[in-house]
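Reading through the structure tokens given below for one structure.
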Amino acid sequence: MTTVFPGPPRTEQELMERASELAGKTLQYLASRQNIELPVSLNRAKGHIGTLLEKYLGSTAGSLPEPDFREIGVELKTLPLNKQGRPKESTYVCVVPLLPAEQTTWEQSLVKRKLSRVLWLPIEADAEIPLPRRRIGSPILWSPGATQEKILRADWQELMDMVITGELENISARLGHYLQIRPKAQNARSLRQGISNTGDINATLPRGFYLRTRFTRTILQNH
DNA sequence: CATTGATCATAA
DNA sequence: TTATGATCAATG
């Protein structure tokens with residue numbers, strides 16, 4: 001593997017310069033610059049493109065529960081686009097804290113810290129385009145507006161209230177305007193400790209926070 | 001055909 | 001083992 005830049009970006013501007021160079025380039029180009037081979041399909045490499053971009057841009061966070069660019073507090077998210085140029089998938093944000101000891105305020109939450117500043121990188125993702133030929137779009141450096149944050153916060157609060165009051169099993173992906181909670185696991189047999197409907201701690205499916213496609217669509221439209 | 005629930009790879 | 005990176009695929 002070849003490292004393209006000497007270290008992590010020190011400023012947002014430096015990050016944007018690095019990302020802007022990729023606009024219009026293909027995934028083949030992105031991989032070639034780093035002497036990494038593209039997988040034949042994303043089927044068995046679902047996060048490959050995101051990882052490739054992190055490496056290219058100089059992220060050092062690894063799999064720490066932190067924004068990708070810790071030095072400047074920016075989170076990197078790819079945004080897969082369908083044939084119409086709209087987001088085709090929801091966006092994973094972070095793990096849902098299920099235990100009482102893990103609870104925080106909205107201000108301290110990982111959801112807020114990650115979504116405070118996001119570098120969105122649109123990627124062509126229509127199934128008809130071969131992976132190597134899919135193009136990277138122009139980067140969007142985004143922060144939630146006041147109204148957006150208000151709704152994100154309300155979603156988070158509503159969902160976390162359910163988590164801590166033993167209503168976890170009543171949470172479905174239908175809840176939440178912008179944010180939703182869905183399974184985030186190796187498979188349906190994966191288990192995590194959580195608060196049961198009797199208030200005890202028992203085993204449950206690990207969950208994650210996701211941004212709905214209809215929300216990321218508006219982010220894209222506003223640019 | 002959009003959405004929900006399920007799943008795959010990998011690093012520390 | 002549990003977080004990251006996400007997309008797949010069944011379902012309504």
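Every chain is numbered from 1, with letters handed out A, B, ... down the list of sequences. Any value given below was found using the heavy atoms of this structure, including those in side chains, with hydrogens, waters and symmetry copies removed.
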- N-O pairing of Lys112(A) and Glu107(A) below 4.0 Å: yes
- Task: Using a cut-off of strictly less than 4.0 Å, decide whether Lys114(A) has a side-chain nitrogen or oxygen near OP1 or OP2 of dG5(C).
- Result: yes
- Query: Touch check for Pro80(A), heavy atoms < 4.0 angstrom, all strands: base, sugar-phosphate only, or nothing?
  - Reply: sugar-phosphate
- Would you mind classifying the nucleic acid contact of Ala185(A) as base, sugar-phosphate or nothing, using non-hydrogen atoms under 4.0 angstrom? base
- Message: Just N and O in the side chain of Lys77(A): are any of them under 4.0 Å from OP1 or OP2 of dG5(C)?
- Response: yes
- Item | Thr11(A) and Gln13(A): side chain donor to acceptor below 3.5 Å | no
- Query: Taking the six-membered ring where the residue is Trp, are the ring centres of Tyr92(A) and Phe209(A) under 6.0 Å apart?
  - Reply: no
- Just checking, any donor-acceptor pair under 3.5 angstrom between side chains of Arg70(A) and Ser59(A)? no
- Are Glu66(A) and Lys114(A) close enough for a salt bridge, meaning some N to O gap below 4.0 Å? no
- When rounded to whole Å, the CG to C1' distance for the pair Leu64(A) and dT10(B) reads 14 Å
- Note on the structure: With five pairs defining each end axis, the helix from dC1(B)-dG12(C) to dA12(B)-dT1(C) comes out bent, to 10°, by 20°
- Task: Measure from CD on Glu54(A) to C1' on dT10(B) and round the result to the nearest Å.
- Result: 12 Å
- Query: Which is true for Glu75(A) with a 4.0 Å heavy-atom rule: it touches a base, it touches only sugar-phosphate, or it touches nothing?
  - Reply: sugar-phosphate
- Message: What's Ile181(A) touching, base or sugar-phosphate or nothing? Going by heavy atoms closer than 4.0 Å.
- Response: nothing
Any protein N or O atoms within reach of nucleotides 8-12 of chain C? Criterion: under 3.5 Å, listing atom names and distances.
residue, atom, partner, partner atom, Å
dC8(C), O4', Lys46(A), NZ, 3.4
dC8(C), N4, Glu89(A), OE1, 3.1

- Task: Please confirm whether Arg182(A) makes a cation-pi placement over Tyr210(A), using NZ or CZ under 6.0 Å from the six-membered ring centre and within 45° of the ring normal.
- Result: yes
- With the side chain of Lys184(A) defined as its heavy atoms from C-beta on, choose the nearest nucleotide among dT7(C), dA6(B), dG5(C). dG5(C)
- Query: Considering only side-chain heavy atoms of Thr78(A), which listed nucleotide, dA6(C), dT7(B), dT10(B), is closest?
  - Reply: dA6(C)
- Task: Could you work out which one of dT7(B), dG5(C), dT4(C) sits closest to the side chain of Asn187(A)?
- Result: dT7(B)
- Message: Distance check needed: dA6(C) C1' versus Lys55(A) NZ, whole Å only.
- Response: 15 Å
- Item | Cationic N near anionic O, under 4.0 Å, Arg18(A) to Glu12(A) | no
- Note on the structure: In numerical order, the residues of residues 190-223 of chain A whose heavy atoms come under 4.0 Å of DNA chain C are Arg192(A), Tyr210(A)
- Query: Under 30°, 30 to 60°, or over 60°: which ring-plane class applies to Phe215(A) and Trp142(A), parallel, tilted or perpendicular?
  - Reply: perpendicular
- Query: Once you round to the nearest 0.5 Å, how far does OG1 of Thr204(A) lie from CD1 of Ile195(A)?
  - Reply: 11.0 Å
- Item | Gln180(A) vs dT4(B): side-chain N/O to OP1/OP2 distance below 4.0 Å | yes
- Could you check whether Gly47(A) gets within reach of a base, just the sugar-phosphate, or nothing at all, counting any heavy atom under 4.0 Å? base
- Between C1' of dG5(C) and CD of Glu66(A), the distance in whole Å: 16 Å
- Message: Nearest 0.5 Å, please: how far is CG in Leu52(A) from CG in Leu30(A)?
- Response: 4.0 Å
- Query: At under 4.0 Å, does any side-chain N or O of Tyr92(A) touch on OP1 or OP2 of dT7(C)?
  - Reply: no
- Message: Once you apply a heavy-atom cut-off of 4.0 Å, does Pro183(A) come out as touching a base, just sugar-phosphate, or nothing?
- Response: base
- How close or far is atom P of dA6(C) from atom CD of Gln186(A), stated in whole angstroms? 17 Å
- Query: In whole angstroms, how far is the P atom of dA2(B) from the CZ atom of Arg86(A)?
  - Reply: 7 Å
- Query: Does Ile140(A) belong to the same Ile/Leu/Val/Met/Phe/Trp/Tyr cluster as Leu15(A), with side-chain heavy atoms less than 4.5 Å apart forming each link?
  - Reply: no
- Query: Taking the nucleotide of DNA chain B with the closest heavy atom to each, which residue, Arg44(A) or Ala173(A), is nearer the 5' end?
  - Reply: Ala173(A)
